[in-house]
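This report refers to the structure that appears directly beneath it.
Numbers restart at 1 for each chain; the letters A, B, ... are given by sequence-line order, proteins then strands. Hydrogens, waters and symmetry mates play no part in the numbers below; they use all other heavy atoms, side chains included.
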Amino acid sequence: MALTESPSNDISESTMPRAGRWAIALVALLVWGSHAWAVQVAQSQEPPEPTEPCIKVVSESPEQCGAARVGTLVARSFTLLNATGGRVSLSVARKSCGCVATEFKQGELGPEESTELTLSTTAAALGGEQIHFAEIVVTRIGSDAAKSLCRFPLGFRYTPDLEFMLFPDRHILIHCTAAEPRDFFVYVNGPAIRDRPPTGLRATSNDIEAAGVENTENPNVVRLHFRARPASAGVRQSRVEFDVASATRPRVSLAVTMIVRPPLEAAPPGIIASGTNPATRFTLTLRHRPGMPDAPKPARVTVDSNWISARLAPAGEGTTELQLLVSVDALKAPASGGAYINIEDEAGRQLAVVPLAWIPTPPGQPVSAK
Amino acid sequence: MLNARVQLVVLAIAMFIHPQAGYPQPARRPVAPEAAPPTAEALLAALAVHDARLRSLEWRQRVTVSLAWLSEPVAIQEGFLGFDDDGNWYRQDRYAVVPEVGQAPRYFERFIAAGDGEVRGLQRPDATKGLVRAPDGHDRALYPTPETLLGRWLETACDCPMSEFLKAARKHSVEPLQSGRVRLRAWRAVGAYSTFVDVDCDPQREYLPMRIEICDALLGSPIVTLETTECQQRDGAWVPTRGTKTAWDRAWTDDQVEQLTAALEAEGFRKPWNPEDHATEQAHRRAIEQVFGRAGVPVRPLGMGTLTMEVTEVTSINTPLDRVRFQLPYPQGWRVFNSLLDVMEDPDGSHRVPVERY
């Protein structure tokens with residue numbers, strides 16, 4: 001993501017404490033995640049004037065470290081001069097990411113003494129400008145550590161020099177219904193990528209098939225077409241993979257999570273049998289989800305526990321709804337337990353799953369001591 | 001308390017008593033007075049029921065935070081949010097940025113809508129362009145919301161129901177708490193962290209998760225705490241209507257970290273620690289008590305501190321949301337940067353011009 005240029009990218013000297021642009025960026029990033037809009041907001045602010053000398057910071061290297069090849073080290077050094085008149089210790093309160101390394105040449109400074117701090121990270125294969133910082137805390141030696149003299153953020157930026165960018169770049173989340181196809185796409189952005197498109201599209205599970213590479217109106221962007229068609233409901237994990245003409249990242253593998261709804265809805269969607277006198281027989285209604293009139297027909301009910309029995313019955317004339325009759329054998333049931341009732345079609349595909357929590361409370365015991 | 005009991009009675013009538021009318025009374029097995037707490041399987045099934053009960057929701061909420069230099073809590077987010085079970089969601093709200101320690105917040109209006117694998121957004125003022133981008137895991141996990149308080153988005157890359165997430169844990173344990181609640185602990189990594197998740201379930205509310213805490217598996221210190229303080233029953237589902245989210249930062253010194261490492265190495269353990277190894281886990285407990293005492297690794301709230309969420313209105317529950325909710329009204333004359341296609345487009349997406357990048 002391209003960002004507007006900061007008016008103070010050549011920042012080379014500052015006096016602390018001051019929250020300044022980095023604090024704004026921090027708050028904005030907390031609010032926005034890592035979106036470029038927030039950074040634009042942050043950059044619209046002018047750095048405030050110093051309010052209280054504590055540590056004088058000088059850096060000969062610019063805040064913007066420029067383009068960095070993926071896997072190489074990106075670093076920025078600072079000289080920190082103790083301007084407090086007393087002996088202080090320096091520490092890092094927090095960092096923008098665990099990927100940022102901080103190194104003080106010395107962690108304690110006498111009056112007017114200085115030390116060097118280096119912030120560094122390994123350039124990651126991420127799209128757009130990456131912003132990192134560390135918050136430094138200055139504490140007077142011998143005083144209460146909880147009362148810092150000042151704290152301030154120091155940071156740097158770089159832009160990974162990617163041969164190509166991916167969207168999504170790490171993880172794909174899909175919501176779909178079992179047995180219903182759902183298309184999804186991965187966008188690949190690189191110079192003239194249309195002339196050397198990714199190849200070997202594949203998935204690590206049968207739930208997903210590769211449907212091909214498609215051109216877009218931008219010759220630098222192609223989209224990879226995949227189709228999810230999970231057979232069973234629940235949460236399914238898979239990966240999609242493809243090959244790119246790249247020296248640094250020739251094979252791409254992205255995680256895919258499919259949140260797969262069953263084609264049948266149960267009402268109520270599950271049973272919690274709790275309290276001192278829980279019921280042992282239940283009737284639920286099963287109906288097709290809206291927009292799925294041609295969904296497979298239920299044929300079989302299976303239960304993963306021997307203390308529950310369940311069967312299907314027609315809800316009545318003139319309706320396609322079914323009733324699920326469930327009973328718990330209290331003599332066989334454990335003191336507490338969980339079970340799942342599966343409704344399947346003729347082919348064994350899961351059409352619905354109904355959870356049942358069996359949590360009776362012994363007589364004489366309160367449900368809660370609250 | 002009265003309300004909770006009335007709700008329980010109504011629920012019992014609605015869900016259990018009426019459907020079994022006419023059935024013969026079943027035989028009951030005598031239960032020992034000193035019964036064990038519910039099993040992990042029972043609690044996981046109860047959580048699965050809670051997950052299944054809430055399919056879609058539209059609500060208005062306010063998130064506040066207390067800042068040391070302001071007498072009143074600041075509303076850092078306020079507005080409408082909605083999601084359905086087809087992966088669509090939107091957020092139309094006002095949010096605050098605190099430009100400087102000691103200063104008052106600045107407010108921005110924002111509208112984000114997502115569906116079909118893309119997110120569209122705009123904000124005012126200070127922006128003249130809209131944006132189209134890929135979904136980001138943090139989009140829905142950032143603030144405390146009814147869905148995050150129910151344990152969705154524990155793993156920010158996925159809005160998996162919490163029961164599914166916890167079922168996949170490598171081990172579980174259950175512990176009754178003094179409060180009468182029951183704690184389900186599940187050892188499962190969250191993202192790159194090796195963690196366990198504590199879920200405190202309330203028997204008075206059908207074992208609804210009232211407090212969820214993600215902790216470092218070896219250090220035992222919290223990483224994020226989500227706590228529901230008020231909830232309501234709507235359309236058969238429990239909806240958290242007030243709660244908090246706190247992200248934690250370890251407040252240890254470099255010296256203490258060195259002491260901890262030395263204590264572990266003295267017992268013969270070497271980095272990298274294996275968080276799934278029981279002996280390593282026990283050694284960490286001993287070393288932590290030795291260095292930090294019984295209170296464990298000290299922590300302090302990270303960032304702005306505890307975020308408090310209050311639902312002020314529920315406008316829709318378990319009813320498919322109108323597609324209009326997910327369409328952004330880009331102002332006339334705006335340009336929209338579509339980062340997926342790397343093009344500038346008109347608000348309606350009809351005219352697209354590739355960005356000169358290479």
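- At least one donor-acceptor pair under 3.5 Å links the side chain of A:Ser336 to the backbone N or O of B:Thr39.
- Using modelled atom types, one side-chain atom of A:Asn218 and one backbone atom of B:Asp342 make a donor-acceptor pair closer than 3.5 Å.
- In terms of heavy atoms, A:Glu217 sits closest to B:Leu341 at OE1-CD1, 4.1 Å.
- Contact annotation for B:Asp249: only side-chain heavy atoms (C-beta onward) come within less than 4.5 Å of a heavy atom of chain A.
- Both the backbone and the side chain of B:Leu302 come within less than 4.5 Å of a heavy atom in chain A.
- Chosen from A:Asn220, A:Leu284, A:Thr257, A:Thr216, the residue pairing most often with chain B at heavy-atom distances under 4.5 Å is A:Asn220.
- Chain B forms the most heavy-atom pairs under 4.5 Å with one residue out of A:Pro168, A:Gly190, A:Ser91, A:Ala192, and that residue is A:Gly190.
- Rounded to the nearest 0.5 Å, atoms OH (A:Tyr340) and CD (B:Glu41) are 9.0 Å apart.
- In B:Asp254, the CG atom is not crowded: 12 or fewer heavy atoms of neighbouring residues, nucleotides or ligands sit closer than 6.0 Å.
- Shown here for B:Ala52 and A:Pro269, the closest heavy-atom pair between the two residues is CB-CB, 3.6 Å.
- Chain A forms more heavy-atom pairs under 4.5 Å with one residue of B:Gln77, B:Lys167, B:Arg250 than with any other, namely B:Lys167.
- The candidate from B:Arg300, B:Arg55, B:Glu164, B:His50 with the greatest count of non-hydrogen atom pairs under 4.5 Å with chain A is B:Glu164.
- B:Ala42 touches chain A through backbone and side chain together, each having a heavy atom under 4.5 Å away.
- When heavy atoms are compared at a cutoff of 4.5 Å, A:Ala93 approaches chain B by way of both its backbone and its side chain.
- Rounding to the nearest 0.5 Å places CZ of B:Phe83 at 9.5 Å from NE2 of A:His175.
- Remark: A:Arg236 CZ to B:Cys160 SG distance equals 11.5 Å, nearest 0.5 Å.
- Evaluation of the salt bridge (Lys or Arg N to Asp or Glu O under 4.0 Å) rule for A:Glu214 yields A:Arg223 as partners, not counting sequence neighbours.
- Across B:Leu340 and A:Phe167, no two heavy atoms sit closer than the pair CD2-CB, 3.5 Å.
- Minimum interatomic distance between B:Ala45 and A:Leu356 (heavy atoms only, all atoms of both residues): CB-O, 3.5 Å.
- For chain B, no part of A:Phe185 is nearby; none of its heavy atoms comes within less than 4.5 Å.
- Between the CZ atom of B:Arg152 and the CD1 atom of A:Ile259 there is a distance of 9.5 Å, given to the nearest 0.5 Å.
- Under a 4.0 Å N-O distance rule, the pair B:Asp86/A:Arg289 does not qualify as a salt bridge.
- Residue with the most contacts toward chain B among A:Arg261, A:His171, A:Arg170: A:Arg261 (heavy-atom pairs, distance under 4.5 Å).
- Closest approach of A:Ile359 to B:Pro38, counting heavy atoms only: CG2-CG, 3.4 Å.
- By the 4.5 Å heavy-atom criterion applied to side chains, A:Leu173 and B:Pro135 are not counted as neighbours.
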